Amino acid sequence: MRARLSLMVLLAALTATVPAAAEGGPAWEACVGLTSTPDQRVKACSTVIDTGSEIGKRLAGAYCNRGHGLTEKRELDAALSDLDEAVRLDPDYACAYNNRGRVYSFKRDYDRAIADYDQAIKLDPSLALAYSNRGESRFNKGDLDGALADFDSAIKRDPNYAMAYSNRGLVYYRKRDMVHALADYTTRIKLAPDLLAYIDRGNVYRDSEQLDRAAADYGEAIRVAPTDARGWRNRGMIRLYQGDNRGGLSDYDKALLYDPSDVYSWNNRGQARLRLGDKQGAIADFRKALELKPGLASAQHSLRKLGALQ
């Protein structure tokens with residue numbers, strides 16, 4: 001399970017919004033376009049800023065959107081500078097505070113992040129993203145009840161906000177409220193099925209000892225993202241739990257094909273090989289696990305039992 005709410009992969013990306021206008025030009029359209037990549041957004045917004053084609057609220061929007069693109073590229077100091085400028089140009093621009101809060105959150109400065117989300121919500125109480133983002137920062141500070149309230153607020157304002165259900169599901173999971181966690185993850189899957197949605201729900205089924213359902217969800221994760229190791233290694237674990245050692249071995253083969261740096265897949269594949277009577281293969285896998293993570297107790301224990309600890 002994720003130790004922090006997903007600032008790396010599950011954080012809801014902010015759709016940058018800017019003041020509307022009747023005309024703009026190609027650079028402006030790419031700067032504010034919802035389908036622009038981070039690189040395209042940064043380049044286009046830089047053109048808008050450098051040519052001086054916009055002033056006032058629209059210039060603030062260009063800085064805000066470039067800051068968003070820089071955040072996606074993890075150029076956090078440059079992003080922070082742009083978002084500071086957006087706030088200076090338009091102190092009533094809720095999106096700029098929300099985007100700046102995101103930068104602080106990536107920097108793990110959660111108090112500043114929450115302060116910016118507070119201001120964004122004060123300026124625009126309908127901004128579901130600000131509630132969800134504030135909930136993430138509260139979660140990462142260990143305030144589960146505060147996070148839960150924020151995700152409730154985000155969902156109230158946008159009942160189709162898939163990531164808010166996922167985030168609220170994680171809070172329920174941490175509170176060991178599996179019934180509500182399952183309900184939220186199921187809604188997330190209905191709204192936006194993807195790899196992590198299935199893995200998250202599979203984890204709840206796994207911890208609830210509903211192993212067949214867990215395996216089915218991990219299988220769906222494999223279906224939607226067949227070259228991602230996470231679905232394979234999660235299903236491999238379930239198969240080993242269920243005594244399907246050949247199935248587990250096959251899944252860990254795939255997991256290691258797509259992520260050869262995963263120490264636990266090496267260790268668990270070693271267990272599968274050991275159960276299937278492949279002692280030398282098991283020793284090789286346990287040694288690889290120790291190479292990647294010296295001191296890994298389970299690998300050391302297995303090698304010691306096999307008389308192969310060097």
Side-chain angles (χ1 to χ4, degrees), residues 1-13 128-129 131-133 135-140 142-244 247-248 250-252 254-255 258-259 262 264-265 268:
M1 182 184 148
R2 300 179 297 275
R4 301 163 54 228
L5 250 179
S6 55
L7 289 175
M8 293 179 286
V9 285
L10 282 186
L11 179 65
L129 277 166
Y131 289 98
S132 185
N133 286 346
E136 291 171 356
S137 288
R138 285 176 165 170
F139 178 95
N140 290 324
D143 179 9
L144 298 187
D145 291 335
L148 191 61
D150 273 343
F151 297 136
D152 285 344
S153 294
I155 290 166
K156 180 179 179 180
R157 284 157 179 79
D158 183 358
N160 293 315
Y161 188 4
M163 188 59 64
Y165 287 100
S166 186
N167 287 345
R168 192 174 69 178
L170 181 57
V171 176
Y172 282 129
Y173 180 90
R174 284 288 294 270
K175 292 167 85 67
R176 313 312 290 171
D177 183 345
M178 299 306 193
V179 172
H180 283 99
L182 281 174
D184 274 350
Y185 286 139
T186 297
T187 300
R188 163 67 197 278
I189 287 169
K190 289 178 180 176
L191 291 170
D194 64 7
L195 168 81
L196 285 171
Y198 285 112
I199 286 179
D200 284 339
R201 191 174 70 176
N203 291 345
V204 178
Y205 281 132
R206 179 198 64 206
D207 290 359
S208 302
E209 299 185 357
Q210 300 181 63
L211 300 186
D212 288 339
R213 289 184 172 182
D217 270 354
Y218 297 144
E220 286 299 299
I222 291 167
R223 182 184 62 80
V224 300
T227 61
D228 192 296
R230 286 170 287 184
W232 296 103
R233 66 186 177 224
N234 277 282
R235 192 177 68 178
M237 180 186 297
I238 298 300
R239 285 180 161 177
L240 292 187
Y241 284 159
Q242 295 180 314
D244 179 6
S250 176
D251 279 353
Y252 281 116
K254 287 285 192 178
Y258 299 123
D259 183 7
D262 180 40
Y264 296 105
S265 288
N268 292 351

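Keep in mind that the numbers below use all heavy atoms, side chains included, and drop hydrogens, waters and symmetry copies. Please read these numbers as outputs of a predicted model, since none were measured by experiment.
A ring-ring contact (aromatic ring centres under 6.0 Å, His included) with His180 is found for one member of Tyr173, Tyr165, Tyr172 and no other, namely Tyr172.
Note that the NZ atom of Lys254 and the CD1 atom of Ile222 stand 9.5 Å from one another [nearest 0.5 Å]. To the nearest 0.5 Å, atoms CZ (Arg174) and CG (Leu144) are separated by 6.0 Å. For the atom pair Ile155 CD1 and Asn160 CG, the distance stands at 10.5 Å (nearest 0.5 Å).
Qualifying side chain to side chain contact (heavy atoms under 4.5 Å, CB included) partners for Pro193, counting only residues two or more places apart in sequence or in other chains: Ile189, Tyr198. A search for ring-ring contact (aromatic ring centres under 6.0 Å, His included) contacts involving Tyr264 returns nothing, not counting sequence neighbours. Partners of Leu211 under the side chain to side chain contact (heavy atoms under 4.5 Å, CB included) rule, at least two apart in sequence or in another chain, are Ile238, Tyr241, Gln242. By the side chain to side chain contact (heavy atoms under 4.5 Å, CB included) test, Asn234 is found to be paired with Ile199, Asn203, Arg206, Tyr218, Arg230, residues two or more places apart in sequence or in another chain being considered. With sequence neighbours left out, the salt bridge (Lys or Arg N to Asp or Glu O under 4.0 Å) criterion links Asp184 to Arg168. Not a single side chain to side chain contact (heavy atoms under 4.5 Å, CB included) links Ala216 to another residue, sequence neighbours left out.
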- Query: Taking it one step at a time, do Ser132 and Asn167 satisfy side chain to side chain contact (heavy atoms under 4.5 Å, CB included)?
  - Reply: CA-CA 8 Å; Ser132 185; Asn167 287 345; 3.6 Å; yes
(message) Between Arg239 and Met237, is the side chain to side chain contact (heavy atoms under 4.5 Å, CB included) condition met? List the steps.
(response) CA-CA 5 Å; Arg239 285 180 161 177; Met237 180 186 297; over 6 Å; no
Item to complete: Please assess Tyr161 against Leu129 for the test side chain to side chain contact (heavy atoms under 4.5 Å, CB included), listing each intermediate value before the final yes or no.
Response: CA-CA 9 Å; Tyr161 188 4; Leu129 277 166; 2.8 Å; yes
Margin query: Quick one, Tyr185 with Leu170, criterion side chain to side chain contact (heavy atoms under 4.5 Å, CB included). Give me CA distance, side-chain angles, the key distance, then yes/no.
Written below: CA-CA 9 Å; Tyr185 286 139; Leu170 181 57; 3.6 Å; yes
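Side chain of Trp232 to backbone of Thr227: no donor-acceptor contact under 3.5 angstrom is found.
Salt bridge annotation for Arg188-Asp200: absent, with no cationic side-chain nitrogen under 4.0 angstrom from a carboxylate oxygen. One finds no salt bridge joining Arg138 and Asp145 here, because no Lys/Arg side-chain nitrogen approaches an Asp/Glu carboxylate oxygen to under 4.0 Å.
Minimum interatomic distance between Ala192 and Ala197 (heavy atoms only, all atoms of both residues): O-CB, 4.3 Å. Arg235 approaches Gly219 most closely through the heavy-atom pair NH1-CA, 4.1 Å.
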